[in-house]
Amino acid sequence: MKKALALLLAMIMVIGMLAGCGTTGGGEAEGTTSDTFTMAYNGVVTLNSVMTQASNDHNVLYLLQAQLVRYYDGQVEKDAAESYEMSEDATVWTFHLRDGLVWSNGEALTAADYAYGVKCLLDPGMGSPQASSWTMIKNAEKFMNGEVAWEEVGVKVIDEKTIEFTLEQPLTSFDQTVACKHIYPLNQAFVESVGVNNLGSSIDTIMYSGGYTMTEWVLESSITLQKNPSYWDAENQFQVETIKLLEVEDPNTEVAMFENGEVDAIEEMASQYYDHLADYRYDNAGGGFMFLWMNTHGYSEGADKVMGNVNFRKALSYAIDRDATCLAVDSATKAANNPIDPNFPGINGGKFVDEYPIETYPTNGDVAKAQEYLTKAMEELGYADVSEIPALTIVTWDTAIQKTLGEALTDQWKQNLGVDVQLEQYVIGTAIGKFYEQTYDIFLITWETDVKPTDLLQAMTSTGEANPGIWANAEFDQLVADAIAEVDPAKQAELTQKAAQVMIDDAGIIPLHLNGTVHAKKEYVDGFVIGVSDGFQFSKLVVNK
Amino acid sequence: MKKYILKRFFISLITIWLIATCCFFLLRTLPGNPFATQQLLSPEMQERMMEYYGLNGPLSEQYLTFMKNLLHGDFGSSLKYTGQSVNGIIASTFPVSAQLGLQAYLISFPIGILFGIIAARNRGRTIDYSLVAFSVLGVSVPVFVLASLLQYIFAIKLQILPVALWSSMKHTILPTITLAIGSIASKTRLMRTLMLEVITEDYVKTAKAKGLPAWKIVWNHQIRNAIIPMIPSLGMEIVSILMGSFVVEQIYSVPGIGAYFVNSVRSLDYTMTLGLTVFLAIFVVTANFIIDLIYGLVDPRIRVTK
Amino acid sequence: MSAITSKDFTPLPKERDMTDVIVRPSVSYWKDVFRRIRSDKVAVVSFTFILLISLMAIFAPIVCQYGYDTTSMGQGNLSPSSEHWFGTDSLGRDLWARVWVGARISLLIGLCGAIVPQIVGIVLGGVAGYFGGWLDMLIMRIIDIGACIPSLIYVTLIMLYFGSGPAAIVLAIAMSFWMDSARVVRGRMLQFKNREFVLAAKTQGASSFRVIFRHILPNILGQQVVSVSSAIPSAIFLEAYLSFIGLGVASPMTSWGQLCQLGASFYRLYPYQLFIPGAFISVTILAFYLFGNCLRDALDPHLRD
């Protein structure tokens with residue numbers, strides 16, 4: 001047996017030496033030509049533009065379809081629409097299509113195709129999960145509930161090249177909504193022939209109108225796109241001949257392939273490798289927030305009193321050192337103390353958060369103040385000692401970042417306040433189920449910031465889609481409603497600022513950080529633009545290899 | 001014999017039906033909703049989706065529909081991957097996993113057996129110790145560490161094999177070896193143990209006394225008897241290779257069935273989980289059916305009495 | 001010839017009876033096993049190592065100055081030093097403390113996960129193999145069915161129902177491992193029940209109970225001890241595998257598998273975060289394996305003098 005051990009050691013040493021020597025650094029793999037762009041990209045679930053609910057799918061659809069308008073570098077850019085205008089009261093928007101728009105099979109691409117695309121999203125018989133994003137269109141909600149016919153809905157085809165949207169309320173940023181929420185054309189005859197459920201399930205069940213056509217798709221493995229010569233601006237945009245998207249889940253593998261030159265870019269890098277690939281780093285922060293949702297009714301035994309106490313909630317918020325937490329958990333994220341995305345422009349040329357600041361907690365926390373709030377809360381509730389506070393639960397789903405973040409938060413509450421909070425993680429379907437059932441004291445959740453500052457605040461109101469009824473503040477609801485209805489930008493901004501202030505002061509929803517992604521790209525890739533919330537913008541992509 | 005085969009076949013059918021039924025009801029009693037995702041669809045919207053996919057009706061009715069489709073060989077369509085039929089996904093991913101598993105098995109079975117025999121025949125010598133050392137090392141390193149290590153050495157440092165993906169024979173080498181090493185190690189160990197037991201058996205002594213040549217004793221009396229106890233675990237080994245390959249598939253980005261299985265369970269994609277489970281069950285039940293017949297034929301001491 | 005009467009016989013002295021008495025104390029089977037193990041150096045060393053690891057798992061976290069779940073934000077990903085013997089993880093938690101707390105979970109899951117299903121397997125497999133008939137049919141059908149459902153299904157279902165505690169993992173492991181050993185035991189039982197020595201015992205009127213426990217079980221046990229020794233690592237691995245797919249013990253609790261898994265995703269940057277817990281897993285498994293092997297040699301009736 002001694003000999004066996006000695007041999008074992010020897011084998012380990014040999015392997016260790018093998019691992020230790022060898023050449024360092026990665027030479028470029030041969031055979032890749034400059035007209036191919038390969039990227040590690042994960043999570044394409046479906047390319048059915050009606051049924052998708054993930055931004056990962058929209059990114060690929062961006063490459064396959066010509067939208068009316070789309071984002072480029074933070075600005076709304078005209079794609080299939082040659083021009084568009086809104087009526088004076090901002091309730092009617094008219095889009096004029098370009099000449100010579102065609103589907104990749106040669107059929108003409110008309111306004112009717114875009115109108116049908118919207119119809120599919122709203123049609124109750126198709127069950128699109130995106131339906132609720134378009135309720136600003138006149139009668140859309142009624143159509144969704146089967147109360148009115150399609151003809152009553154505010155989407156009209158004026159002629160082959162003109163489509164008109166009528167809205168429920170004035171909306172000056174409808175073009176941004178269209179760009180952000182995506183309207184893809186759909187050919188009615190084609191959709192009906194393949195069936196709406198089979199649409200986009202393989203390369204043969206999609207009609208292409210965008211910069212690329214798909215030539216190969218192996219689900220959860222790889223997607224190959226080929227330049228579409230019939231795209232209206234094929235001459236100037238989407239110059240890369242072939243785009244390959246490879247699904248690689250393991251972070252080591254992804255980075256290794258990047259170093260070996262097997263991929264030219266990584267769409268989402270694992271946080272530990274940020275420094276390792278610092279030279280290729282391309283950061284993106286924004287597009288969504290990580291929040292603590294405080295269940296003001298409490299769930300754990302005896303928790304209704306503490307969770308209902310605003311000072312206690314504030315104590316929890318002040319006790320967190322957000323800067324350090326972000327750095328430790330994922331340095332791409334940015335500590336947040338304001339529910340308004342710092343990327344939003346203000347009305348005077350600056351950023352909204354700078355022009356309309358609010359009074360809030362410091363991002364590096366304030367333990368003394370947190371303890372002060374805790375003492376106050378305990379006095380109000382009649383607790384003599386921290387140990388009398390009932391044990392609370394924080395619920396979230398089971399991704400890696402949620403796990404480390406949860407661990408960091410619960411430990412800071414324990415260290416700084418002595419408050420015991422139990423972390424519970426479930427698979428996403430179960431966790432979200434719990435979110436609606438309200439079986440938690442605190443819920444850790446992310447929410448997208450969308451197009452304007454009020455979008456997120458609206459979702460947080462007592463009737464909003466992100467609020468299952470765990471926190472309600474009448475003043476906040478009113479301010480948000482007023483801000484949305486307000487047409488004057490300055491007044492609207494002021495109301496928004498007030499609403500954000502109320503939200504922070506009542507500490508029902510506590511922002512933790514702004515989400516972030518880090519991409520990696522080789523130095524020879526130019527025009528690599530990925531928007532914060534609007535995804536791929538590869539129209540000017542070039543590979544100079 | 002014919003009667004026995006018929007009976008076994010009938011039992012296999014019932015087994016599959018039981019698995020399908022149990023899984024159907026177990027899965028549907030899980031808490032949560034397949035449409036509850038990070039995008040936070042409102043409960044009404046989730047309801048609407050459930051209705052669209054026919055998941056809202058009474059469970060017994062859904063069960064009958066499921067069974068009817070199953071009889072026609074139709075596993076339904078995935079809830080997560082819109083428009084993808086479970087049949088289609090199996091058709092595209094199973095061959096990949098099967099190839100990986102088969103390659104690993106074809107390497108590990110003969111090598112493992114051979115190593116085991118060599119070790120047992122040379123008990124106490126250096127070769128025995130080195131094989132034992134290998135078998136310990138092989139089973140003590142978790143597969144994700146082994147996979148990372150092999151990838152690091154051969155793909156990143158030496159750059160003689162591709163890092164990941166599954167497009168040519170060359171791409172299959174690393175995943176196959178990763179999967180095979182653990183299997184070789186455990187087979188070596190098992191075979192060595194079984195051989196050592198057999199070597200001291202009376203019939204081996206008798207054979208020796210009869211003056212049979214050594215190779216004949218080894219082949220007819222030792223190996224044959226030592227291999228027999230390994231046969232019934234073959235069915236389970238198929239399952240474990242298929243499942244164990246999940247980690248390997250993930251690290252090397254192999255488009256196999258493992259990832260679908262794990263993800264479908266985690267995202268509560270009922271139809272997918274059910275379809276994959278029933279498919280694998282059919283596969284394994286069939287394999288066991290065949291193995292059972294072989295087992296009866298190989299070991300003369302086990303007689304089919306009825 | 002006169003008849004033989006009692007007078008013709010004289011009683012032997014009482015001392016003569018003593019010749020039948022066995023002077024040396026009888027060595028029972030298990031005593032013999034114990035004696036063999038004690039004299040085996042490898043067994044003693046590996047057993048001592050296992051004992052040491054277990055003792056450390058129990059006491060090290062108690063005396064350690066850092067809590068296993070105490071984060072220290074600025075101190076993330078520190079290499080091993082005199083301050084933090086095994087370094088720190090990304091949240092600045094001391095890995096020395098975490099490794100020993102992880103050892104508790106891993107050892108507990110390893111031991112329970114190997115022994116519980118083995119007992120169930122021996123009992124059910126033994127009964128099925130020995131008695132045959134409808135009982136065998138029933139148990140084998142359950143195994144057939146169970147073996148066809150990938151263990152991941154039960155594991156996930158159990159985790160979803162009972163939360164992700166160590167008990168749920170043991171239950172999950174037990175549910176997927178018992179069938180393996182039951183099947184093997186049944187197979188061995190079938191092999192042995194028609195053997196000559198069993199037949200001999202039966203003709204002498206031994207009860208089923210005696211035949212199973214006295215005659216067949218000792219023959220099977222050696223094999224099963226080896227399979228326990230290989231089931232401990234399997235159980236530890238299954239736990240690690242569960243961690244890998246995100247179904248391990250609930251945080252902030254940890255296990256070697258989870259530590260390894262966290263370290264594995266960026267082992268090129270912080271190798272110690274993978275290799276320290278990895279080394280613990282490997283060496284512990286090695287110890288269990290070697291000890292199991294020695295135990296096998298000691299238990300095997302074939303090797304008995």
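Computed over heavy atoms, backbone and side chain alike; hydrogens, waters and symmetry mates excluded.
A cation-pi arrangement is absent between B/R192 and B/F115, since the terminal nitrogen or guanidinium carbon is not both under 6.0 Å from the aromatic centre and inside a 45° cone about the axis.
Donor-acceptor pairing under 3.5 Å is recorded for the side chains of A/Y426 and A/E424. Donor-acceptor pairing under 3.5 Å is recorded for the side chains of B/Y252 and B/T178. In summary, the side chains of A/Y273 and A/N252 do present a donor paired with an acceptor at a separation below 3.5 Å, with no hydrogens or angles considered. No donor-acceptor contact under 3.5 angstrom links the side chains of B/D269 and B/S264, judged on distance only. Looking at A/T461 and A/Q458, their side chains never bring a donor and an acceptor atom within 3.5 Å of each other.
Only the backbone of A/E247 has a heavy atom closer than 4.5 Å to any heavy atom of chain B. Neither the backbone nor the side chain of B/L131 comes within contact range of chain A; no heavy atoms are under 4.5 Å apart. Heavy atoms of A/S128 lying under 4.5 Å from chain B belong exclusively to its backbone. Heavy-atom distances place the backbone of A/M126, and not its side chain, under 4.5 Å from chain B. At a 4.5 Å heavy-atom cutoff, the contact between A/N48 and chain B is made by side-chain atoms alone. Proximity to chain B (any heavy atom under 4.5 Å) is shown, for A/L47, by neither the backbone nor the side chain. Only the side chain of A/T46 comes within less than 4.5 Å of a heavy atom in chain B; its backbone stays farther off.
Looking at A/N42, its side chain does come within 3.5 Å of a backbone N or O of A/V248 through a donor-acceptor pair.
Put simply, of A/V50, A/L219, A/N198, the one with the most heavy-atom pairs under 4.5 Å next to chain B is A/L219. Between chain B and the options A/S221, A/A256, A/P129, the largest number of non-hydrogen pairs under 4.5 Å is found for A/P129.
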